[in-house]
Structure formats: C-alpha cells, structure tokens
Engineer: 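Following this message is one structure expressed as structure tokens.
All heavy atoms count here, side chains included; hydrogens, waters and symmetry mates do not. Residue numbering restarts at 1 for every chain, and letters A, B, ... go by the order of the sequence lines.
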There are 2 protein chains.
Amino acid sequence: MIPSINMVTTKEILDTIESGGHRPTASRRRVLDAVVARGDGFTAEELVAEVKGLGRATIYRTVRLLLKEGLLCKLSLQDGAPRYTLFHRLGHHHHLVCVGCGVVQEFRQSVIEQMLMNLEASGTGTIMGHRIEVYVLCPACLPKVGS
Amino acid sequence: MIPSINMVTTKEILDTIESGGHRPTASRRRVLDAVVARGDGFTAEELVAEVKGLGRATIYRTVRLLLKEGLLCKLSLQDGAPRYTLFHRLGHHHHLVCVGCGVVQEFRQSVIEQMLMNLEASGTGTIMGHRIEVYVLCPACLPKVGS
DNA sequence: CTACTAAATGATACCTAGTATCAATATGGT
DNA sequence: ACCATATTGATACTAGGTATCATTTAGTAG
Ligand SMILES: [Mn+2]
Ligand SMILES: [Mn+2]
Ligand SMILES: [Zn+2]
Ligand SMILES: [Zn+2]
C-alpha cells in the first residue's frame with residue numbers, strides 16, 4: 001500500500017488524543033479502528049452498529065472528543081444525522097458530498113475567503129465562521145439516476 | 001408603515017398556497033400569521049409553542065408545505081433544529097446568521113456561483129445544489145460578548 | 001506491586017425533534 | 001345539501017442524542 005496524504009493511522013490519532021490530556025483507552029482504540037477502516041464519511045449511529053459491545057454514550061462521547069480535538073470534520077446535511085470524516089490535515093477546506101453514495105471530497109477556494117473578508121467589510125457583523133457544502137452526483141452515481 | 005421588499009402578508013402567502021392546489025384553511029392561516037408576525041427566523045418547535053390549539057403534526061406539515069412551495073428558507077445550523085425564514089423573493093441567495101441573537105441576513109455573491117461552475121468543470125461531479133452559511137456576531141451582539 | 005485518584009465507561013432514563021397512523025372533521029365543488 | 005377528498009389532531013412511534021450515576025479502568029505515587 002502506498003502511503004498517501006490521506007492516510008491516518010489509529011495510532012497517530014490516539015497519540016493526538018493522549019497529547020490532549022485524554023487517555024488512550026481500549027474503547028477509544030476500537031472506535032478509531034472503525035473510523036480509520038472506513039475511508040469515507042460515517043454517522044455516529046453507524047459506528048454504534050459497527051462497533052459491538054461499547055455503550056452508545058461512549059461512542060457519542062468519542063465522536064465529540066475527536067471533533068473537539070480537530071480530528072474529524074462534521075458535515076450537517078439537509079436532513080438525517082450529521083456525517084463525520086477524518087480531518088486530513090489539509091487545513092481549512094470545504095466539502096463536496098455526493099447525494100447518491102455519500103462520498104465526500106474536499107476542496108479549497110481562496111476566492112471564498114476573500115469574498116468573506118469583503119462581506120465583513122461591508123458591515124454585516126464580525127464573521128465567526130462559515131460553512132459551505134456542495135451537493136453533487138459523483139461520476140460513479142450519475143449514470144445510476146434515472147432521469 | 002412603509003411597505004418594503006421584505007414585507008409579505010399572510011394573504012399573499014395563502015394565495016400562493018391556494019394556487020398550488022392546497023386549501024387556505026384556518027389552521028394554515030393561524031400558522032402564517034405567526035410566521036409573518038416574527039420578522040426573523042424561527043424553528044418549527046417555536047411555532048408549536050406560539051400557536052396554541054393546533055396539533056404538532058399540523059404545524060410541521062404546514063412548515064413542510066411552505067418549504068415545498070418555496071415560501072420559506074431552511075437553515076440547518078450546526079446543532080439544534082433547523083431555522084426557517086420567509087423567502088423574500090430576492091432569488092437565489094445565502095445567509096448570514098448571528099450566533100448571538102439568531103437574526104438572519106441574506107446576501108448574494110456571483111463570485112460563489114462562478115466558483116461552483118469552475119469546480120464542476122474540474123471533474124468533481126454534477127453539482128446538484130449547495131449551501132453556504134456565514135456565522136457572524138451582528139453589530140448589536142458584538143458588545144455583549146465578554147471576551 | 002499496591003493504593004489512590006481521576007478519568008472513563010455503560011446501563012438506564014430521559015429528551016428533542018420529527019414522522020406514521022387513522023378516525024374525525026372541514027373544505028370546495030356539484 | 002351532498003359528496004369526495006383534503007386536512008386535522010390524538011396518539012403512538014422513531015431517530016438521534018444527552019444526563020445521571022454507580023462501577024470500572026488507567027495513570028501515578030509510594
Ligand atoms: Mn474534511
Ligand atoms: Mn433567505
Ligand atoms: Zn456518488
Ligand atoms: Zn445578533
């Protein structure tokens with residue numbers, strides 16, 4: 001297997017958690033294994049179904065911890081539970097989500113950040129954050145939709 | 001009162017509903033009155049609390065109807081229930097939401113739509129939609145945050 | 001290794017937001 | 001007025017998630 005910029009190991013994540021003052025417990029390792037095994041996005045509930053024997057609360061707490069430590073991206077889609085993906089350390093970015101299969105791509109566009117600065121300068125208020133999600137049909141899903 | 005482009009009356013909305021083949025019932029009128037009375041954003045649950053005597057299901061159904069008829073904008077924030085605002089007939093636009101008081105401003109930026117076309121041309125898939133939300137502290141809320 | 005302390009866990013109950021059902025009611029059209 | 005259908009609301013149900021708290025575990029000092 002060729003290592004890529006997208007590759008993140010359970011151990012790396014566990015180290016980050018530990019350096020944040022949290023214990024690298026067996027439960028957390030099991031959740032992380034599941035997260036890393038899926039390359040793509042997932043919901044908390046999917047983890048609950050996948051990782052047997054751990055309490056729901058522990059799974060949700062772990063997801064919250066990973067989010068707080070900046071290890072996950074959270075995507076709040078139009079409906080349904082939020083989806084999470086590993087944060088790939090590419091810095092600030094946005095997401096393209098396939099409405100067919102749920103696969104998540106990342107993109108960055110400096111034009112957006114520039115636009116936001118202009119917007120702030122126009123007196124709308126102090127910008128605290130933003131979210132941009134683009135919904136696509138990926139090349140694999142496009143042929144499948146009967147339309 | 002000076003009519004503005006933002007002014008929408010219960011009757012106008014009811015007419016739109018009717019021309020969409022739906023009945024302008026007393027329940028719907030009551031929900032609309034509440035929606036129009038609030039100038040700002042609201043959640044479905046807030047309407048349930050505000051409009052006494054109507055069943056929860058009716059309120060939720062009415063919100064769904066208004067959304068389908070293009071009379072409401074839906075904002076899915078990071079957490080909590082989605083917020084809705086009257087669609088002001090300004091055409092496609094995006095939202096600035098104050099994280100302090102929840103007030104919603106609208107904005108349009110052609111640079112965004114241009115960027116999306118470029119993104120699509122780069123082979124990421126067929127764009128089906130997008131959502132952009134900017135979180136701000138509005139001029140009224142900025143002084144209130146102790147930081 | 002042992003003992004201690006704080007962090008973490010999991011069972012449970014609870015909660016918010018929303019949907020499915022379905023009998024009763026209101027509406028618009030004849 | 002009558003009919004067919006749209007709408008309503010009570011109820012039960014679901015998904016997704018949080019609060020509690022007694023028990024367990026992990027790190028740490030002796
Ligand atoms: Mn991401
Ligand atoms: Mn709007
Ligand atoms: Zn796809
Ligand atoms: Zn504000």
Side-chain angles (χ1 to χ4, degrees), chain A residues 10-11 13-35 41-69 71-85 102, chain B residues 10-11 13-35 41-69 71-85 102:
Chain A
T10 301
K11 183 165 181 332
I13 301 175
L14 221 48
D15 287 350
T16 306
I17 285 178
E18 193 163 11
S19 69
H22 305 280
R23 294 176 180 171
T25 65
S27 297
R28 284 171 178 162
R29 194 180 327 262
R30 294 196 51 211
V31 174
L32 289 178
D33 283 341
V35 167
F42 57 89
T43 65
E45 218 52 45
E46 286 170 4
L47 289 183
V48 171
E50 216 160 292
V51 184
K52 302 291 186 189
L54 295 191
R56 289 172 57 74
T58 299
I59 307 263
Y60 276 90
R61 279 189 290 240
T62 303
V63 168
R64 221 183 312 159
L65 175 63
L66 293 175
L67 207 54
K68 192 179 48 141
E69 296 295 319
L71 296 164
L72 291 183
C73 301
K74 177 180 182 178
L75 289 89
S76 304
L77 306 185
Q78 296 284 33
D79 33 38
R83 296 190 78 77
Y84 302 91
T85 62
Chain B
T10 301
K11 182 165 179 335
I13 301 176
L14 221 46
D15 287 350
T16 306
I17 285 179
E18 193 164 11
S19 67
H22 305 278
R23 294 176 179 172
T25 65
S27 298
R28 285 171 178 162
R29 196 182 324 265
R30 295 196 48 210
V31 173
L32 288 178
D33 283 341
V35 166
F42 56 89
T43 64
E45 217 52 45
E46 284 169 7
L47 290 183
V48 171
E50 216 160 292
V51 184
K52 301 292 187 188
L54 295 191
R56 291 171 55 74
T58 299
I59 307 263
Y60 276 90
R61 279 189 291 238
T62 304
V63 168
R64 223 183 309 160
L65 176 62
L66 293 174
L67 207 54
K68 190 179 50 140
E69 295 296 318
L71 296 164
L72 290 184
C73 300
K74 177 178 182 180
L75 290 88
S76 303
L77 307 184
Q78 297 284 33
D79 34 38
R83 296 190 78 78
Y84 303 91
T85 64

Engineer: In degrees, rounded to 10°, what is the bend between the two ends of the helix from dC1(C)-dG30(D) to dT30(C)-dA1(D), using five pairs at each?
Structural biologist: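 Roughly 30°, once rounded to the nearest ten degrees.
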
Engineer: Rounded to the nearest 0.5 Å, how far apart are CG of Leu77(A) and CZ of Arg83(A)?
Structural biologist: 7.0 Å

Engineer: What is the minimum heavy-atom distance between Ala44(A) and Val63(A), and which atoms define it?
Structural biologist: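 Of all heavy-atom pairs spanning Ala44(A) and Val63(A), the closest is CB-CG2, 4.5 Å.
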
Engineer: First and last nucleotide of DNA chain C touching chain B, 5' to 3', heavy-atom cut-off 4.0 Å?
Structural biologist: dA17(C) to dG28(C)

Engineer: Which heavy atom of Arg30(A) sits nearest a heavy atom of Lys52(A), and at what distance?
Structural biologist: NH2-O, 2.9 Å

Engineer: Can you find a pair of side-chain heavy atoms, one from Arg29(B) and one from Thr25(B), that are under 4.5 Å apart?
Structural biologist: no

Engineer: With the side chain counted from C-beta on, respond yes when Lys68(A) and His22(A) share a heavy-atom pair under 4.5 Å apart, and no when they do not.
Structural biologist: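 Yes - at least one pair of side-chain heavy atoms lies under 4.5 Å apart.
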
Engineer: Side chains of Glu46(A) and Tyr84(A): is there a donor and an acceptor less than 3.5 Å apart?
Structural biologist: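 No donor-acceptor contact under 3.5 Å links the two side chains.
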
Engineer: Each nucleotide in nucleotides 10-30 of chain D should get exactly one letter: B, S or -. Can you fill that in based on protein heavy atoms under 4.0 Å?
Structural biologist: ------SBS-------BS---

Engineer: Is the shortest side-chain N to carboxylate O distance from Asp15(B) to Lys11(B) below 4.0 Å?
Structural biologist: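 Judged by the 4.0 Å cut-off on N to carboxylate O distance, Asp15(B) and Lys11(B) do form a salt bridge.
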
Engineer: Nearest 0.5 Å, please: how far is CD1 in Ile59(A) from OG in Ser27(A)?
Structural biologist: 8.5 Å

Engineer: Check whether any side-chain heavy atom of Ile17(A) lies under 4.5 Å from a side-chain heavy atom of Leu66(A), and answer yes or no.
Structural biologist: yes

Engineer: Sub-3.5 Å donor-acceptor pair from the side chain of Thr62(B) to the main-chain atoms of Thr58(B), do we have one?
Structural biologist: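 Confirmed, Thr62(B) side chain pairs with Thr58(B) backbone.
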
